[in-house]
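Here's the structure we're looking at; comments come further down.
Given the structure is predicted, the values throughout are model-derived calculations rather than measurements. Proteins come first, then strands; the chains are lettered A, B, ... in the order of their sequence lines, and each starts at number 1.
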Amino acid sequence: MDLQFFNTLSHRIETFKTSDPLGKKVGLYCCGPTVYDFAHIGNFRTFIFVDMVRRFLEFKGFQVKHVMNITDVDDKIIQRLNASPEKITLRDYTSIYEKAFFEDFDQLNCLRPSIIPRATDYIPQMLELIGKLMENGIAYQTPDGSIFFSIQRYMALGGKYGQLVKINFDEVRVGERIKNDEYEKENAADFALWKARVPGDGEVFWPSPWGEGRPGWHIECSAMSRKLLGETFDLHLGGEDLAFPHHEDEIAQSEGSTLCKEGGCKPTPFVRYWLHFSHLLVEGKKMSKSLGNFYTLRDLFAKGYTGREIRYLLLSAHYRESLNFTLEGLNGARSALSRLDECLAKLKELAGAAEASGAPSDLVQNFDDALSNDFNLSAGWAAVFDWVRQTNKLIAEEKLSASEAARLLADWARVDAVLAVSPQKKEEEIPAEILALLEERQAARKAKNFARSDAIRDELKSKGWVIEDTPKGPRLKRI
RNA sequence: GGCGGGGUAGCCAAGUGGUAAGGCAGAGCUCUGCAAAAGCUUUAUGCACCGGUUCGAAUCCGGUCCUCGCCUCCA
């Protein structure tokens with residue numbers, strides 16, 4: 001089944017076809033973190049979805065070139081940097097949060113993107129792009145030295161604005177926006193490409209043909225994606241809030257640079273498919289610090305939750321629906337995953353070193369069908385848990401040979417290459433002390449000294465091990 | 001005000017015309033010395049509400065109520 005999903009550009013579900021003539025390579029871009037603070041679970045819902053999309057494309061046999069930028073210069077970063085008591089450089093400051101971001105990223109089992117460019121490393125490319133827009137007469141300089149993008153002139157040359165989100169300029173509430181804007185732009189909807197240096201910027205500025213300053217918010221993504229993926233690329237992903245204005249402005253800048261100043265040129269399309277992810281609610285409300293429902297990954301780790309539990313929960317709902325993230329849900333995620341772990345552990349015991357054989361289970365096909373249909377993860381999980389139930393039944397009825405168990409594990413591995421929720425840790429060695437207690441308990445049970453055997457079971461439990469008696473003898477499990 | 005999503009069991013969440021997936025929680029049974037794990041069974045005559053179309057509606061149409069997001073930094 002071909003992959004289909006909702007393309008924000010066309011506002012409908014489309015079948016995905018890459019621009020690669022061989023149908024193999026896919027260029028994928030997503031706006032990465034702005035590194036001014038620790039990222040929160042809302043940010044990570046997006047990054048986990050991006051990771052899932054990339055993994056599923058690879059599952060489908062595509063070769064994905066995945067670019068995720070790091071925004072390491074913007075208003076907020078400069079504000080924080082200049083507020084910090086010590087004198088540190090921009091890079092020193094942002095690298096703290098960049099490092100923290102990737103620690104969290106790894107905990108969530110997200111694959112590293114193929115290329116992770118930093119905005120500040122692509123200033124020349126941004127200036128080049130701004131230069132083209134100036135040449136085309138789409139950009140203009142204000143008296144303070146800043147450069148703005150003129151939406152009016154862009155549209156006059158044949159550019160389309162409002163491709164992702166329908167904007168009715170007469171209805172936009174521009175009042176506050178104009179009032180709050182310190183720059184003198186021609187039209188309220190125009191946006192900054194280059195912000196002239198002001199005293200508050202401190203040491204954060206770069207030279208440019210238009211004077212010292214720093215890049216506007218949107219230009220980095222246009223410049224970096226063009227440099228790394230080309231003028232037109234396949235997929236651009238991001239949170240729903242970025243559709244307007246950020247992504248819309250990216251389109252305008254990128255396509256605007258391909259127009260000609262006399263008019264009459266067709267713009268080169270920027271991106272072929274756009275995918276936007278809904279935000280999450282926390283405990284039924286929009287996440288906010290004042291409501292006390294604002295969680296960074298670190299907050300959740302401190303409460304004892306693991307990356308894979310968080311990943312499972314964040315992947316449990318459809319990407320275009322808002323997910324209600326709750327601690328109760330996280331506990332549910334833990335139970336669901338341990339049921340899955342249990343099934344997999346039994347399969348591993350059964351399989352031993354056997355080679356996989358036999359017909360594949362329905363799992364892979366059902367999972368493929370589910371996700372091919374607009375990344376319907378809920379249906380994907382249903383396929384997984386149907387498989388768990390069937391597998392458990394076969395195990396309980398002792399109908400599974402070693403090679404059949406190996407076959408099932410191989411099927412799971414294909415699915416888990418997308419979901420990535422298998423435990424990361426290697427099997428823990430069971431300490432001699434624990435094994436000795438286990439043996440003592442077996443002896444006590446044989447002697448029907450159940451008081452003693454139960455006492456040992458409690459002792460083991462207090463040491464973090466739980467016993468399960470199976471027909472083949474006791475099994476030890478780490479709590 | 002403009003634009004766009006939602007309202008499905010105790011909780012989370014699929015399903016866009018053919019008779020309600022899946023997960024968590026709960027209940028009963030089997031297995032067990034007892035547990036644990038697992039298995040089996042069970043849990044919405046019902047999909048915010050009111051009308052309408054249809055042989056048939058959670059699904060389509062009209063209306064009402066509630067809710068979330070974007071329009072301003074934002075994943």
Which value, in whole Å, describes the distance between the [atom1] atoms of nucleotides [N] and [M]?
{"N": "B:rC47", "M": "B:rA9", "atom1": "C1'", "value": "10 Å"}
{"N": "B:rC24", "M": "B:rA13", "atom1": "C1'", "value": "11 Å"}
{"N": "B:rG2", "M": "B:rG63", "atom1": "P", "value": "14 Å"}
{"N": "B:rA25", "M": "B:rG39", "atom1": "P", "value": "13 Å"}
{"N": "B:rG26", "M": "B:rA21", "atom1": "P", "value": "22 Å"}
{"N": "B:rC40", "M": "B:rA48", "atom1": "C1'", "value": "36 Å"}
{"N": "B:rG52", "M": "B:rA27", "atom1": "C1'", "value": "42 Å"}
{"N": "B:rU8", "M": "B:rU54", "atom1": "P", "value": "29 Å"}

Ring-ring centroid check [X] [Y], cutoff 6.0 Å:
{"X": "A:Phe6", "Y": "A:Tyr319", "answer": "no"}
{"X": "A:Trp387", "Y": "A:Phe367", "answer": "no"}
{"X": "A:Phe16", "Y": "A:Tyr273", "answer": "yes"}
{"X": "A:His276", "Y": "A:His247", "answer": "yes"}
{"X": "A:Tyr93", "Y": "A:Tyr36", "answer": "no"}
{"X": "A:Tyr295", "Y": "A:His40", "answer": "no"}

Given RNA chain B, 5'-ward residue of the pair A:Gly238 and A:Lys285, judged by closest heavy atom | A:Lys285
By nearest-heavy-atom nucleotide on RNA chain B, the more 5' of A:Ile41 and A:Val165 is A:Val165
Could you state the [atom1]-[atom2] distance from [X] to [N], rounded to the nearest angstrom?
{"X": "A:Asp249", "N": "B:rC73", "atom1": "CG", "atom2": "C1'", "result": "14 Å"}
{"X": "A:Trp387", "N": "B:rG23", "atom1": "CH2", "atom2": "C1'", "result": "16 Å"}
{"X": "A:His276", "N": "B:rG6", "atom1": "NE2", "atom2": "C1'", "result": "19 Å"}
{"X": "A:Ile395", "N": "B:rC31", "atom1": "CD1", "atom2": "C1'", "result": "16 Å"}
{"X": "A:Ile77", "N": "B:rC73", "atom1": "CD1", "atom2": "P", "result": "15 Å"}
{"X": "A:His236", "N": "B:rA75", "atom1": "NE2", "atom2": "C1'", "result": "12 Å"}
{"X": "A:Met287", "N": "B:rC73", "atom1": "CE", "atom2": "C1'", "result": "14 Å"}
{"X": "A:Ile310", "N": "B:rG23", "atom1": "CD1", "atom2": "P", "result": "22 Å"}

Taking A:Asp74 for the side chain and A:Ile77 for the main chain, is one N or O donor matched with an acceptor at less than 3.5 Å?
-> yes
Looking at every strand, decide which applies to A:Phe47 at a 4.0 Å heavy-atom threshold: base, sugar-phosphate, or nothing.
-> nothing
Base, sugar-phosphate, or nothing: which does A:Gly42 touch, judged by heavy atoms less than 4.0 Å apart?
-> base
Using purine N1 to pyrimidine N3 plus N6-O4 or O6-N4 for Watson-Crick, or N1-O2 and O6-N3 for G-U wobble, both under 3.5 Å, which nucleotide pairs with [N]?
{"N": "B:rA38", "answer": "B:rU30"}
{"N": "B:rG4", "answer": "B:rC68"}
{"N": "B:rC49", "answer": "B:rG63"}
{"N": "B:rU16", "answer": "none"}

Does the distance from a Lys or Arg side-chain N to an Asp or Glu carboxylate O, for A:Asp454 and A:Arg441, drop under 4.0 Å?
-> no
Electrostatic pair A:Glu283:A:Lys285 at N-O distance under 4.0 angstrom | no
Each nucleotide of nucleotides 8-19 of chain B classed B (base within 4.0 Å of a protein heavy atom), S (only sugar-phosphate) or -, in 5' to 3' order, makes ---SSSSS----
Heavy-atom protein contacts under 4.0 Å, nucleotides 32-41 of chain B, coded B base, S sugar-phosphate only, - none | -BBBBSSSS-
Qualifying residue, where the test is side-chain contact (heavy atoms from CB on, under 4.5 Å) with A:Val73 and the options are A:Leu81, A:Val35, A:Val204 = A:Val204
Result of checking A:Thr94, A:Ile70, A:Asp104, A:Thr71 against A:Pro33 for side-chain contact (heavy atoms from CB on, under 4.5 Å) = A:Ile70
Which nucleotide in B:rG23, B:rC70, B:rA25 has an atom nearest any side-chain atom of A:Phe385 | B:rG23
Of the candidates B:rC70, B:rA75, B:rG23, the side chain of A:Phe244 sits closest to B:rC70
